[in-house]
Engineer: 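Below are the structure tokens for one structure; questions will follow.
Keep in mind that the numbers below use all heavy atoms, side chains included, and drop hydrogens, waters and symmetry copies. All ligand and atom numbering here is 1-based and tracks the order in the structure. None of these values were measured; they are calculated from a predicted model.
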Amino acid sequence: MSEADTTPMEAEFDTVAAWTEEAIGELGQAHAIPAACRGSGSPPELAWLAEGLGLQGDDPFLDAGAGLGGPAAWLTGYLHDRWRGPVLLAEPMTHAAAAARRIFDLPSVAAWSQDLPLPDDSVAAAWLLGVLCTTSDKRDVLAELHRVLRPGGRLGLLVLVAERELSESPEGNDFPTRSSLRADLEATGFRIDDQVDGAALPGAPEDWTARADAVDAVVRRDHGDHPQWQLAHDQEEVLGRVMERGDVVTVLLHATAQ
Ligand SMILES: C[S@@+](CC[C@H](N)C(=O)[O-])C[C@H]1O[C@@H](n2cnc3c(N)ncnc32)[C@H](O)[C@@H]1O
């Protein structure tokens, strides 16, 4: 594939992910988790979601659309005293999936979440962070998550939701509305247990943001003149603007597979 064929999603979630791995290598492992949380997730949001997953003992867990694996690595540390079960990362972008395994030594498979390489009823809990807003195949993704979750298994979601008609939208994004998200979850066999807006939770600690920013600065220093960096950067700017205006907001949910 030529560079001209690269989609904004591949630029942002694959090429930039590979560059992020290089930058983490330069700055050190203390930068890894904040820099590898690409969806957003700040520690207070991740903690809210983690508390609703019901993970304990040796429960198997899936991070679907795991990106560079930062959230799953954070989860293993956060729940360390009550949960030591197996973790699987599934991420369609091959550089990101491979980098996640190298950075965090967590098992990672390159797979779309519409077609997961897992048996039925095989995970106790899963989360899907910043993924539903990047695909138009929302019900296929949710139905596949329902297939691999055990009955009663918990799903955590971080979703960017459109509050109104958007005057501009980052390419490759397909934001649900609050009501379409609810309808998609119910139609695929989930019961929504709990929901909170990200804005109601505290922001990320300063040192978390500083580490993520330091990694981004190294990526920019080394690749800022690359067309794919520019493409990804342009998408991030558009997303920043629609969120700043409150046209798109972060919603967190816990749901149960029925
Ligand atoms: C905003 S990033 C979030 C990554 C990660 N969940 C995090 O929070 O750091 C969205 C991720 O969803 C992945 N993705 C997009 N469509 C997907 C699909 N249909 N199934 C699984 N992952 C998908 C992208 O490749 C990207 O890594």
Engineer: Could you tell me whether E51 and R82 make a salt bridge, using a distance below 4.0 angstrom between a side-chain N and a carboxylate O?
Structural biologist: yes
Engineer: Which ligand 1 atoms does A36 reach within 4.0 Å, using its non-hydrogen atoms?
Structural biologist: 9 (O)
Engineer: Heavy-atom contacts under 4.0 Å between A17 and ligand 1: side chain, backbone, both, or neither?
Structural biologist: neither
Engineer: Quick test of your reading of the model: are D174 and K138 salt-bridged, counting only N-O distances below 4.0 Å?
Structural biologist: yes
Engineer: Output the list of atoms in ligand 1 that are nearer than 4.0 Å to some heavy atom of M93, sorted by atom number.
Structural biologist: 25 (O)
Engineer: Counting from 1, what ligand 1 atoms have a heavy atom of G130 closer than 4.0 Å?
Structural biologist: 1 (C), 10 (C)
Engineer: Taking only residues two or more places apart in sequence, or in another chain, which ones meet H223 in a ring pair (Phe, Tyr, Trp, His ring centres under 6.0 Å)?
Structural biologist: W19
Engineer: Just to check, does C37 reach to within less than 4.0 Å of ligand 1 when the distance is taken from its heavy atoms?
Structural biologist: yes
Engineer: Is it the side chain, the backbone, both or neither of S113 that has a heavy atom closer than 4.0 Å to ligand 1?
Structural biologist: both
Engineer: Taking 4.0 angstrom as the limit and counting only heavy atoms of P92, give me the atoms of ligand 1 inside it, by number and element.
Structural biologist: 14 (N), 21 (C), 22 (N), 23 (C), 25 (O)
Engineer: Looking at M243, E236, Q235, which hits side chain to side chain contact (heavy atoms under 4.5 Å, CB included) with L239?
Structural biologist: M243
Engineer: So, 4.0 Å and heavy atoms of V131: is ligand 1 close enough to count as a contact?
Structural biologist: yes
Engineer: Geometry only, no angles: is D63 polar-contacting ligand 1 at N/O separations under 3.5 Å?
Structural biologist: no
Engineer: Taking the inter-plane angle between the rings of H146 and F190 on a 0 to 90° scale, is it parallel (under 30°), tilted (30 to 60°) or perpendicular (over 60°)?
Structural biologist: perpendicular
Engineer: Near L129, which atoms of ligand 1 are under 4.0 Å from a heavy atom of that residue?
Structural biologist: 3 (C), 5 (C), 6 (N), 8 (O)
Engineer: Any non-hydrogen atom of A64 lying under 4.0 Å from ligand 1?
Structural biologist: no
Engineer: Might you work through the side chain to side chain donor-acceptor pair (under 3.5 Å) test for H95 and D14, ending with a clear yes or no?
Structural biologist: CA-CA 6 Å; H95 289 106; D14 212 29; 3.0 Å; yes
Engineer: Under 4.0 Å, counting heavy atoms only: does P71 come that close to any atom of ligand 1?
Structural biologist: yes
Engineer: Which ligand 1 atoms are under 4.0 Å away from a heavy-atom of Q114?
Structural biologist: 18 (C), 19 (N), 20 (N)
Engineer: For the pair R150 and D121, find out whether any cationic side-chain nitrogen is under 4.0 Å from an anionic carboxylate oxygen.
Structural biologist: no
Engineer: Would you sort out whether T256 and R154 count as a side chain to side chain donor-acceptor pair (under 3.5 Å), showing the intermediate values?
Structural biologist: CA-CA 5 Å; T256 299; R154 307 297 301 276; 3.2 Å; yes
Engineer: Does only the side chain of A90 get under 4.0 Å from ligand 1, or the backbone, or both, or neither? Count heavy atoms.
Structural biologist: neither
Engineer: Checking side-chain contact (heavy atoms from CB on, under 4.5 Å) for the pair L252/V159: CA distance, chi angles, key distance, verdict?
Structural biologist: CA-CA 6 Å; L252 311 175; V159 188; over 6 Å; no
